[in-house]
Amino acid sequence: MTQTHHTKVLIIGSGPAGYTAAIYAARANLEPILVTGMEPGGQLMITTEVENYPGFADVIQGPWLMEQMKAQAEHVGTNLITDYITEVDFSSRPYKAIGDSGTIYTGDTVIIATGAKARWLGLPSEKEFQGKGVSACATCDGFFFRGKEVAIIGGGNTAVEEALFLTNFCSKVTLIHRRDSLRAEKILQKRFFGNDKIETLWDHTVEEILGDETGMTGLRIKSTKTGEISDIQKDGAFIAIGHDPATELFKDVLEMDEDNYLITASDSTATSIHGVYAAGDVTDHTYRQAVTAAGMGCMAALEADRFLAASEVPKSAEKIHAAE
Ligand code: FAD
Ligand code: NAP
């Protein structure tokens with residue numbers, strides 16, 4: 001028999017945005033339900049050191065921070081459910097979300113905190129060698145490359161942090177970047193350039209992952225300056241070229257920008273449907289930090305609370321233009 005759970009505030013996603021929304025909603029006696037998704041804890045579960053989340057003078061570990069947020073959300077009364085939302089219906093209230101388990105969740109309000117997913121280069125050979133040398137998570141897979149030579153592709157904070165992390169295991173780490181400067185924070189760049197296990201291959205893109213039945217053996221790269229193609233030998237490749245917002249579910253349901261981020265009203269987390277809010281990386285083109293995601297989660301819960309309390313709450317899912 002199909003199970004149905006109803007709540008005043010349905011939160012989709014268990015990263016910093018979702019957990020913070022849950023903490024605020026639970027403390028407002030809104031008895032929120034939070035559906036965790038397939039990556040409980042979100043992106044910080046795949047990193048190691050976090051040193052920019054305020055409140056901790058010593059460096060903390062990403063998974064530990066997320067365990068603490070989870071425990072805090074539970075202690076104040078959030079109902080955490082392990083499920084993955086596969087379908088939503090926001091055409092009338094209460095809003096409906098259907099889980100992979102078949103469970104139906106209905107919410108008087110919904111907070112979307114589905115975050116972002118790792119981006120891939122889109123090469124067929126990249127798919128072919130995933131798990132056989134190609135990875136998008138150094139923290140998860142770095143250990144398998146002890147004493148080996150690996151490449152990391154990208155020039156942002158993730159690429160630089162992962163390159164530094166990989167030097168703990170690998171004999172050599174080559175960062176391949178399509179330009180000649182990094183966009184990573186200066187403090188990370190200082191560590192990066194000071195590490196003699198790391199070399200940088202500027203102005204190159206990856207054209208193909210090379211390999212055989214044993215797995216990946218190298219990379220075909222192309223100079224963005226001269227167009228010259230060359231092959232280099234590598235035992236592994238870590239793709240760190242950013243993340244895409246997890247918004248497929250909301251296509252044709254909520255307004256999105258050209259990069260598929262959910263559009264919210266200015267100084268608000270309100271989406272294009274009354275009572276549906278978006279917080280964190282799913283709506284954030286610019287900052288994409290744990291602390292900003294948490295801040296938006298707080299905003300979303302406060303906005304949901306005010307929406308529920310307002311006497312003029314519309315009964316039907318009236319479309320608004322949130323961005324106006
Ligand atoms: P996410 O953390 O992406 O969480 C999204 C959640 O949504 C997940 O729990 C997922 O399971 C869930 N979900 C997705 N789809 C569904 C669905 N259909 N149904 C149910 N649930 C769903 N930021 C910092 O401030 N400091 C750092 O040091 C730092 N290090 C980082 C290191 C790495 C390697 C990466 C990748 C990011 C790092 N960031 C860091 C960025 C930070 O992790 C993100 O900004 C933050 O996690 C965004 O939080 P979020 O809650 O919006 O989404
Ligand atoms: P990002 O900042 O978007 O950087 C992506 C990098 O990949 C850029 O250098 C980009 O090149 C390159 N790139 C993108 N598409 C490419 C392609 N198709 N081929 C080759 N290269 C490509 O992503 P991120 O590093 O994952 O960071 C995401 C967010 O999380 C950021 O806001 C970041 O600050 C945050 N984060 C923070 C920390 C921290 O605070 N310690 C750690 C990790 C992540 P260009 O530079 O040419 O655009």
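Along the sequence shown, residues are numbered consecutively beginning with 1. Numbering of ligands and ligand atoms starts at 1, following listing order. Model, not experiment: these values are computed from the prediction.
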Which ligand 1 atoms, with their elements, are less than 4.0 angstrom from a heavy-atom of [X]?
X    : result
G280 : 52 (O)
E39  : 8 (C), 9 (O), 10 (C), 11 (O)
H243 : 36 (C)
A116 : 3 (O)
I12  : 19 (N), 20 (C), 21 (N)
G37  : 11 (O), 20 (C), 21 (N), 22 (C)
A113 : 5 (C), 6 (C), 7 (O)
G13  : 6 (C), 7 (O), 12 (C), 21 (N)

Give the residue, atom name and distance (to 0.1 Å) of the protein heavy atom nearest [atom].
atom                    : result
atom 53 (O) of ligand 1 : G115 CA, 3.3 Å
atom 3 (O) of ligand 1  : Q43 NE2, 2.8 Å
atom 18 (N) of ligand 1 : I85 O, 3.0 Å
atom 29 (C) of ligand 1 : L44 CD2, 3.6 Å
atom 41 (C) of ligand 1 : R288 O, 3.6 Å
atom 33 (C) of ligand 1 : T47 CB, 4.1 Å

Can you confirm whether the side chains of [X] and [Y] place a donor and an acceptor under 3.5 Å from each other?
X    : Y    : value
D203 : S223 : no
N79  : E31  : no
E208 : S125 : yes
Y24  : D305 : no
E228 : S230 : no

Is it true that a side-chain atom of [X] and a backbone atom of [Y] form a donor plus acceptor pair closer than 3.5 Å?
X    : Y    : result
T109 : A304 : no
H6   : T106 : yes
N157 : E185 : yes
T103 : I98  : no

**Q.** Q289-ligand 1 polar pair, N/O distance under 3.5 Å
**A.**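 Indeed, backbone or side chain, Q289 has an N or O that close.
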
Q: Only pairs at least two apart or in different chains count here, so list each salt bridge (Lys or Arg N to Asp or Glu O under 4.0 Å) that has a residue in residues 159-177.
A: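 Non-adjacent pairs meeting salt bridge (Lys or Arg N to Asp or Glu O under 4.0 Å): K172-E199.
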
Q. Does ligand 1 have an atom under 4.0 Å from some heavy atom of Y84?
A.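 Right, Y84 reaches ligand 1.
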
Measure from [atom] to every heavy atom in [options] and give the option owning the shortest one.
atom                    : options          : answer
atom 46 (O) of ligand 2 : H285, R179, E161 : R179
atom 4 (O) of ligand 1  : A136, A17, G42   : G42
atom 14 (C) of ligand 1 : D83, T114, T48   : T114
atom 2 (O) of ligand 2  : R183, E49, H177  : R183
atom 42 (C) of ligand 1 : P16, A294, A290  : A290
atom 26 (N) of ligand 1 : L249, N52, I81   : N52
atom 44 (C) of ligand 1 : D281, L188, T247 : D281

Q: Just say parallel, tilted or perpendicular for the rings of F145 and F238, cut-offs at 30° and 60°.
A: perpendicular

Q: List, by chain and then residue number, the residues other than F165 in its hydrophobic cluster (Ile/Leu/Val/Met/Phe/Trp/Tyr, side-chain heavy atoms under 4.5 Å); write none if there are no others.
A: F143, F169

(Q) Are any of the N/O atoms on A159, whether in the backbone or the side chain, positioned under 3.5 angstrom from an N/O atom of ligand 2? (A)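 No: no nitrogen or oxygen of A159 is under 3.5 Å from one in ligand 2.
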
Q | Contact (N/O only, under 3.5 Å) between Y287 and ligand 2 | A |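 Between Y287 and ligand 2, an N or O pair is found under 3.5 Å apart.
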
(Q) Test of understanding: given a 4.0 Å heavy-atom threshold, classify the contact between T205 and ligand 2 as side chain, backbone, both, or neither. (A) neither

Q: Report yes if some heavy atom in the side chain of Q130 is under 4.5 Å from a heavy atom in the side chain of W120; otherwise report no.
A: yes

Q: Search all heavy atoms of S268 against all heavy atoms of E303 and return the closest pair with its distance.
A: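 Of all heavy-atom pairs spanning S268 and E303, the closest is OG-OE2, 2.6 Å.
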
